[in-house]
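In what follows, a single structure is set out as structure tokens and then discussed.
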Amino acid sequence: MPEGVKIIAVNRKARHDYSIDDTYECGIELLGTEVKSFRDGKISFPDAWAEVVSGEVWLRSLRVAENPFSSIFNHDPDRRKRLLLNRDEIKRIHRKVEEKGFTLIPLSFYFKKGRVKVELGLCKGKKSYDKRADIRERDIKREVEREFKIR
């Protein structure tokens with residue numbers, strides 16, 4: 001990651017369950033108490049996904065914990081969040097998502113120049129044999145690196 005970028009959370013499970021076709025960097029529209037929770041790293045997104053609705057991209061199933069130090073006007077932890085993208089990117093994403101098998105998955109959340117950003121992946125689900133092949137390749141690569149290290 002470049003300088004000035006602080007990683008909040010990474011979705012490692014997404015890289016195992018999906019083959020990532022393309023990635024996009026998006027801004028995310030948050031409330032003040034949600035930003036505080038992001039700074040504390042109190043987010044959960046194991047099943048999060050995004051959808052395109054009437055020309056806007058919305059992030060679903062992202063849980064941002066309530067901030068215990070805020071007033072009674074705290075945010076709803078499960079509300080959907082709007083992602084900020086260019087209109088051309090949204091059109092491109094919408095065309096891909098319309099195809100069978102593609103979905104939008106958040107891969108990571110990070111701060112860039114003080115703003116919360118989301119790395120959104122255009123993904124296609126892997127079959128179980130694809131996952132086994134990836135594990136096999138990773139093991140072979142690890143063994144080869146071990147052999148080079150020994151010699």
Side-chain angles (χ1 to χ4, degrees), residues 1-71 73-138 140-142:
M1 283 264 144
E3 212 173 297
V5 174
K6 180 186 170 203
I7 296 174
I8 301 167
V10 177
N11 190 353
R12 285 182 269 149
K13 186 179 176 188
R15 299 204 186 268
H16 177 71
D17 291 341
Y18 300 96
S19 61
I20 298 162
D21 195 47
D22 202 6
T23 59
Y24 298 94
E25 182 182 64
C26 322
I28 183 168
E29 190 177 277
L30 297 173
L31 302 173
T33 54
E34 288 176 328
V35 175
K36 289 179 182 180
S37 295
F38 265 92
R39 288 205 186 283
D40 294 339
K42 304 212 185 235
I43 62 170
S44 175
F45 61 105
D47 301 328
W49 53 281
E51 65 180 344
V52 180
V53 178
S54 65
E56 294 179 336
V57 182
W58 293 90
L59 188 60
R60 297 298 196 87
S61 299
L62 169 67
R63 184 168 179 77
V64 181
E66 291 182 345
N67 191 345
F69 300 109
S70 65
S71 65
F73 302 108
N74 218 333
H75 65 273
D76 177 24
D78 296 318
R79 77 175 187 91
R80 62 185 191 159
K81 284 100 178 135
R82 187 167 63 147
L83 298 179
L84 307 172
L85 287 159
N86 291 333
R87 189 171 296 140
D88 295 335
E89 289 178 326
I90 294 173
K91 286 179 184 175
R92 195 175 315 125
I93 289 171
H94 186 63
R95 271 188 249 122
K96 280 285 198 178
V97 170
E98 290 292 312
E99 292 179 25
K100 187 176 179 183
F102 278 105
T103 187
L104 292 168
I105 305 291
L107 302 176
S108 64
F109 291 89
Y110 52 93
F111 281 104
K112 184 176 182 183
K113 297 182 182 175
R115 303 200 188 277
V116 178
K117 300 287 184 177
V118 180
E119 184 182 17
L120 195 65
L122 191 60
C123 305
K124 199 169 214 174
K126 284 185 185 176
K127 304 285 187 210
S128 61
Y129 56 84
D130 290 336
K131 292 178 191 177
R132 285 193 299 268
D134 286 347
I135 292 169
R136 190 178 312 113
E137 286 176 23
R138 190 173 54 226
I140 290 170
K141 186 177 177 184
R142 190 178 302 132

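Atom-to-atom distance recorded for Phe109:CZ and Ile28:CD1 is 5.5 Å, nearest 0.5 angstrom. Put simply, CD on Glu56 and CZ on Arg87 are 10.5 Å apart, with the number rounded to the nearest 0.5 Å. The OH atom of Tyr110 lies 5.5 Å from the NZ atom of Lys112; values are rounded to the nearest 0.5 Å. Put simply, CD1 on Ile43 and CD1 on Ile8 are 6.0 Å apart, with the number rounded to the nearest 0.5 Å. Put simply, OG1 on Thr23 and CD1 on Ile105 are 13.5 Å apart, with the number rounded to the nearest 0.5 Å.
More than 12 heavy atoms of other residues, nucleotides or ligands lie within 6.0 Å of CZ in Arg80, so this atom counts as buried by the packing criterion. By the 6.0 Å contact criterion, OH on Tyr18 is open, its count of non-hydrogen atoms from other residues, nucleotides or ligands being 12 or less.
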Start with the C-alpha distance between Val64 and Lys81, add both sets of side-chain angles, then the distance that settles side-chain contact (heavy atoms from CB on, under 4.5 Å), and finish with yes or no. CA-CA 10 Å; Val64 181; Lys81 284 100 178 135; 3.8 Å; yes

Full working for side-chain contact (heavy atoms from CB on, under 4.5 Å) between Arg138 and Ile135: CA-CA 5 Å; Arg138 190 173 54 226; Ile135 292 169; 3.5 Å; yes

Take Leu104 and Leu122 through the test side-chain contact (heavy atoms from CB on, under 4.5 Å) and record every step on the way to the result. CA-CA 5 Å; Leu104 292 168; Leu122 191 60; 3.6 Å; yes

I'd like to know whether Asp21 forms a salt bridge (Lys or Arg N to Asp or Glu O under 4.0 Å) with Lys96, so could you lay out the CA-CA distance, the side-chain angles of the two residues, the decisive distance to 0.1 Å, and finally the verdict. CA-CA 10 Å; Asp21 195 47; Lys96 280 285 198 178; 3.7 Å; yes

With side-chain contact (heavy atoms from CB on, under 4.5 Å) as the criterion, how do Cys26 and Leu84 come out once you've worked through the C-alpha distance, each side chain's angles and the decisive distance to 0.1 Å? CA-CA 5 Å; Cys26 322; Leu84 307 172; 5.8 Å; no

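Of all heavy-atom pairs between Ser61 and Trp49, the closest is OG-NE1, 3.6 Å. Nearest heavy-atom pair across Ala50 and Val57 is CB-CG1, 4.1 Å. Closest approach of Ala65 to Ser37, counting heavy atoms only: O-OG, 2.6 Å. Taking each heavy atom of Leu62 and Ala48 in turn, the nearest pair found is N-CB, 4.4 Å.
Residue Tyr24 is tested with Asn86, Ile90, Val118, Ile93 for a side-chain contact (heavy atoms from CB on, under 4.5 Å); the sole match is Ile93.
Taking 4.0 Å as the cut-off between side-chain N and carboxylate O, Glu25 and Lys117 do not count as a salt-bridged pair.
Val5 places none of its side-chain heavy atoms less than 4.5 Å from the side chain of Phe111.
Evaluation of the ring-ring contact (aromatic ring centres under 6.0 Å, His included) rule for Phe102 yields no partner, not counting sequence neighbours.
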